[in-house]
Amino acid sequence: MRWFAKLAAASCATLLAASSASAQTPVDTALVLVVDASGSIDDAEFRLQKEGIALAVTDERVLAAIQSGPLQRIAIAYVEWGGPGSARTVVDWAIVEDADSAQAFAQSVLAAPRSAQTYNAIGDAIAHATAMLRDCPCEPGRAVIDVSGDNPDNRSHVPAIVSREAAAAEGITINALAILQSDALGPSGRPLLVENYESEVIAGPGAFVLAAQDRGDFARALLQKMVLEIANRTPGDRRLASGSRP
């Protein structure tokens with residue numbers, strides 16, 4: 001894939017985790033958490049999101065999913081998005097391979113101040129995350145962008161439907177977490193935002209959308225999503241339904 005060739009030329013970066021790593025550290029998955037920080041989310045709701053990320057990353061089910069991989073480690077970064085062209089890397093690449101490194105990443109997310117964001121520019125956020133994956137100081141078996149939001153893309157310089165195709169062309173999978181704010185349904189009778197993210201945001205091998213019923217449901221949905229992403233599964237995978245280890 002073209003993005004692997006670009007990784008070889010990427011500059012070194014410092015990994016913000018207890019486990020140090022040199023450039024081109026092999027990992028099973030490089031995962032960018034791209035989180036909605038737009039004006040539709042008040043400070044209390046945003047805190048719930050950050051706490052949900054911290055809980056998910058340190059959960060034993062996520063750690064088990066990491067341990068199920070051949071290399072038993074992933075690279076992970078945290079990005080906040082909102083206004084056009086203003087997506088920001090809040091916690092840069094970290095290696096997570098055990099409880100200590102997971103806790104270090106979680107604490108970095110919790111301690112970081114909220115970035116200044118407005119509107120909903122998902123396309124620009126995807127472009128930002130795609131560039132991060134090109135420059136990741138790692139050699140991943142898979143590259144995944146995990147987008148969460150409560151509204152469709154509406155203010156991007158590069159629309160989401162364009163950014164997601166560019167990412168997919170580089171071998172990147174984009175999954176989405178739709179945070180539902182209403183009972184609005186789409187043409188298929190499913191939540192409207194889920195249908196929007198399916199048609200305009202997700203892309204790549206095995207891409208999927210999960211829904212959080214509200215902000216309080218974010219932690220549960222993100223945990224489920226991260227286990228699936230790290231274990232390279234989809235929501236309908238029979239191996240998970242049968243109770244086997246991810």
Side-chain angles (χ1 to χ4, degrees), residues 1-35 53-54 56-79 89-109 126-147 164 166-175 202-208 222-223 225-234 237 239-240 244-246:
M1 288 180 265
R2 288 182 295 160
W3 71 284
F4 278 102
K6 293 177 182 177
L7 279 169
S11 60
C12 296
T14 301
L15 297 180
L16 303 178
S19 298
S20 62
S22 59
Q24 306 310 309
T25 299
V27 296
D28 292 311
T29 302
L31 174 63
V32 188
L33 299 176
V34 183
V35 177
I53 292 167
V57 170
T58 57
D59 190 277
E60 61 182 11
R61 287 161 286 187
V62 166
L63 295 175
I66 293 171
Q67 291 298 310
S68 73
L71 299 172
Q72 300 186 340
R73 60 177 173 263
I74 66 169
I76 188 169
Y78 168 62
V79 169
T89 301
V90 176
V91 180
D92 213 337
W93 289 110
I95 295 293
V96 173
E97 57 190 345
D98 55 23
D100 288 342
S101 53
Q103 187 64 39
F105 180 80
Q107 289 301 317
S108 295
V109 171
I126 291 172
H128 179 93
T130 300
M132 287 185 67
L133 284 162
R134 292 192 197 111
D135 294 335
C136 177
C138 62
E139 184 179 345
R142 298 172 59 244
V144 180
I145 298 172
D146 182 335
V147 178
R164 66 101 177 254
E170 297 193 30
I172 298 168
T173 295
I174 304 171
N175 299 320
I202 68 171
F208 62 88
L222 181 64
L223 172 59
K225 193 159 175 284
M226 286 187 66
V227 169
L228 292 169
E229 288 166 334
I230 293 167
N232 195 14
R233 305 286 189 259
T234 61
D237 196 311
R239 286 169 290 185
L240 293 180
S244 60
R245 182 179 176 180

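Being a predicted model, the structure only gives us computed values, none of them experimental. When a residue number appears, it is its place in the shown sequence, counting from 1.
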What distance separates [X] [atom1] from [Y] [atom2], expressed to the nearest 0.5 Å?
X	Y	atom1	atom2	value
Leu31	Cys136	CG	SG	10.5 Å
Ile76	Ser101	CD1	OG	10.0 Å
Lys225	Asn175	NZ	CG	5.0 Å
Ile66	Glu60	CD1	CD	13.0 Å

Could you tell me whether a side-chain N or O of [X] sits under 3.5 Å from a main-chain N or O of [Y], the two making a donor and an acceptor?
X	Y	value
Glu139	Pro26	no
Gln67	Glu97	yes
Arg142	Thr173	no
Arg73	Val27	no

### Message
side-chain contact (heavy atoms from CB on, under 4.5 Å) for Arg233 and Phe208? Distances and angles first, verdict last.
### Response
CA-CA 10 Å; Arg233 305 286 189 259; Phe208 62 88; over 6 Å; no
#### Entry: Sole candidate of Asp92, Thr89, Val35 that passes side chain to side chain contact (heavy atoms under 4.5 Å, CB included) when paired with Tyr78
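By the side chain to side chain contact (heavy atoms under 4.5 Å, CB included) criterion, Tyr78 pairs with just one of Asp92, Thr89, Val35: Val35.
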### Task
Under the side-chain contact (heavy atoms from CB on, under 4.5 Å) rule, what do Gln72 and Asp98 come out as? Steps first, then yes or no, please.
CA-CA 9 Å; Gln72 300 186 340; Asp98 55 23; over 6 Å; no
Please identify each residue that fulfils side-chain contact (heavy atoms from CB on, under 4.5 Å) with [X], with sequence neighbours left out.
X	result
Ala102	Val57, Thr58, Leu63, Val96
Ala168	Ala203
Asp59	Arg61, Leu223
Ala167	Ile126, Thr130, Ile172, Ile174

### Query
Which pair of heavy atoms, one from Ala56 and one from Val62, lies closest together, and at what distance?
O-CG2, 3.0 Å
### Task
List the atom of Ile95, the atom of Ala75, and the distance in Å for their closest heavy-atom pair.
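The answer is CD1-CB, 4.2 Å.
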### Residues in side chain to side chain donor-acceptor pair (under 3.5 Å) contact with Asp28, at least two apart in sequence or another chain
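Counting only residues at least two positions away or on another chain, Asp28 forms no side chain to side chain donor-acceptor pair (under 3.5 Å).
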### Task
Decide side-chain contact (heavy atoms from CB on, under 4.5 Å) for Met226 and Ile74; before the verdict, give the C-alpha distance in whole Å, the side-chain angles of both, and the deciding distance to 0.1 Å.
CA-CA 12 Å; Met226 286 187 66; Ile74 66 169; 5.5 Å; no
#### Entry: side-chain contact (heavy atoms from CB on, under 4.5 Å) between Trp93 and Val32, worked out
CA-CA 9 Å; Trp93 289 110; Val32 188; 3.5 Å; yes
### Query
Quick one: does Val91's side chain get under 4.5 Å of Leu33's, heavy atoms only?
no
